[in-house]
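Labels below follow one simple rule: chain letters A, B, ... track the order of the sequence lines, proteins then strands, and each chain is numbered from 1. Keep in mind that this is a model prediction, so the values were computed, not measured.
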Protein chains: 2
Amino acid sequence: MLDLLEVASEPTRRRLIQLLGSGERTVTELAANFAVSRSAISQHLLLLIDVGLLQARKDGRSRYYSLDPAGITKLKALLDSFWNTELDLLVAEAAELASFNGPPHQPPGEKP
Amino acid sequence: MLDLLEVASEPTRRRLIQLLGSGERTVTELAANFAVSRSAISQHLLLLIDVGLLQARKDGRSRYYSLDPAGITKLKALLDSFWNTELDLLVAEAAELASFNGPPHQPPGEKP
DNA sequence: ACAACGCGTTAGTGACTGCTAACGTATTTT
DNA sequence: AAAATACGTTAGCAGTCACTAACGCGTTGT
């Protein structure tokens with residue numbers, strides 16, 4: 001898969017990116033947060049490197065993975081170009097409609 | 001595929017969502033914007049309906065597809081929860097670094 | 001030094017994806 | 001009214017994905 005946004009969107013990889021937001025981690029450390037094997041996580045990480053979202057640093061027998069700022073910047077740009085004004089308008093309209101028709105889940109008023 | 005964000009991220013579907021931002025369209029109208037067949041587009045649209053991002057209205061022998069505001073709102077929420085503060089910080093740092101080291105593509109100064 | 005272990009990566013596979021080809025159905029056209 | 005046409009959906013398939021199992025290679029313990 002080549003598309004940056006699509007690669008970043010897969011649920012496991014999304015979570016990996018978020019976890020790496022707070023600093024570099026090894027495969028094993030990351031895998032501890034998931035139900036799947038180290039191997040699966042390793043492959044996700046390699047793919048994320050392929051598309052330029054991650055970097056790796058070797059230290060002893062561990063490899064420390066971290067976010068690549070350039071890749072993250074690129075991802076942000078893609079997201080911004082996708083989410084255009086028309087979509088924002090639609091969200092605003094949906095919010096208004098919800099307050100008219102009665103909210104489906106969260107009442108609009110403050111808690112008493 | 002069940003994950004809303006992942007479904008929305010596929011390049012063809014991303015473009016479909018953007019095209020539908022300006023109003024409802026038929027399968028044929030939408031397919032005119034792509035290299036692939038009507039059939040392929042139809043299947044993407046059905047998937048987008050499955051995850052709640054689209055609605056369809058039948059009229060004559062055409063089906064008019066349009067964005068479902070509720071789904072789009074949900075998508076926005078997912079995106080916002082994914083893109084946390086740490087990632088924004090990283091992007092800011094990357095921008096600073098680029099201006100120190102010499103910009104790779106776009107010079108930071110205004111055009112003379 | 002050699003055995004045992006820990007870490008990360010490749011091999012192999014079932015399931016799924018996105019596509020074209022074939023189809024069903026409704027609407028025109030003659 | 002029958003034939004042709006336009007629109008959208010299903011059938012079938014090659015390629016890809018995400019995963020577990022098996023592996024290679026450093027490192028650590030004895």
- Query: Hey, does the side-chain of B:Gln43 have a donor or acceptor N/O within less than 3.5 Å of a partner on the base of C:dC19?
  - Reply: yes
- Message: Any side-chain N or O of A:Arg63 below 4.0 angstrom from OP1/OP2 of C:dT9?
- Response: yes
- Taking the side chain of A:Ser37 as heavy atoms from C-beta outward, which of C:dG8, C:dT20, D:dT20 is closest to it? D:dT20
- Could you tell me whether A:Tyr65 contacts a base, only the sugar-phosphate backbone, or nothing, with contacts defined as non-hydrogen atoms closer than 4.0 Å? sugar-phosphate
- Query: For A:Ser62, which contact category applies under a 4.0 Å heavy-atom criterion: base, sugar-phosphate, or nothing?
  - Reply: sugar-phosphate
- Note: for B:Arg61 and A:Arg13 on DNA chain D, the residue whose nearest nucleotide lies more 5' is B:Arg61
- Query: Between the base of C:dA21 and the side chain of B:Ser39, is there any donor-acceptor pair under 3.5 Å?
  - Reply: yes
- Side chain of B:Asp59, backbone of B:Ser62: donor and acceptor closer than 3.5 Å? no
- Under 3.5 Å, is there a donor-acceptor pair between the B:Thr28 and B:Arg25 side chains? no
- Query: Can you tell me if B:Asp88 uses its side chain to pair, donor with acceptor, with the backbone of B:Val91 under 3.5 Å?
  - Reply: no
- Item | Nucleotide C:dG18, atom P - distance to CG of B:Leu47 in whole Å | 7 Å
- A:Asp50 CG to D:dA18 P: how many Å, rounded? 13 Å
- Given B:Asp68, B:Leu48, B:Leu47, the one that forms side chain to side chain contact (heavy atoms under 4.5 Å, CB included) with B:Leu54: B:Leu48
- A:Asp59 atom CG is separated from C:dG8 atom P, nearest whole Å, by 11 Å
- Starting at CZ of A:Arg38 and ending at C1' of C:dT9, how long is that distance when rounded to a whole Å? 10 Å
- Query: Which nucleotide, D:dG8, C:dC19, C:dC7, lies nearest any side-chain atom of B:His44?
  - Reply: C:dC19
- Message: In this structure, how many angstroms lie between the P atom of C:dT10 and the CG atom of A:Leu46, rounded?
- Response: 7 Å
- B:Glu6 CD to C:dT17 C1', straight-line distance once rounded to whole Å: 11 Å
- Query: Is the base of D:dT9 touched by the side chain of B:Ser42 through a donor-acceptor pair closer than 3.5 angstrom?
  - Reply: no
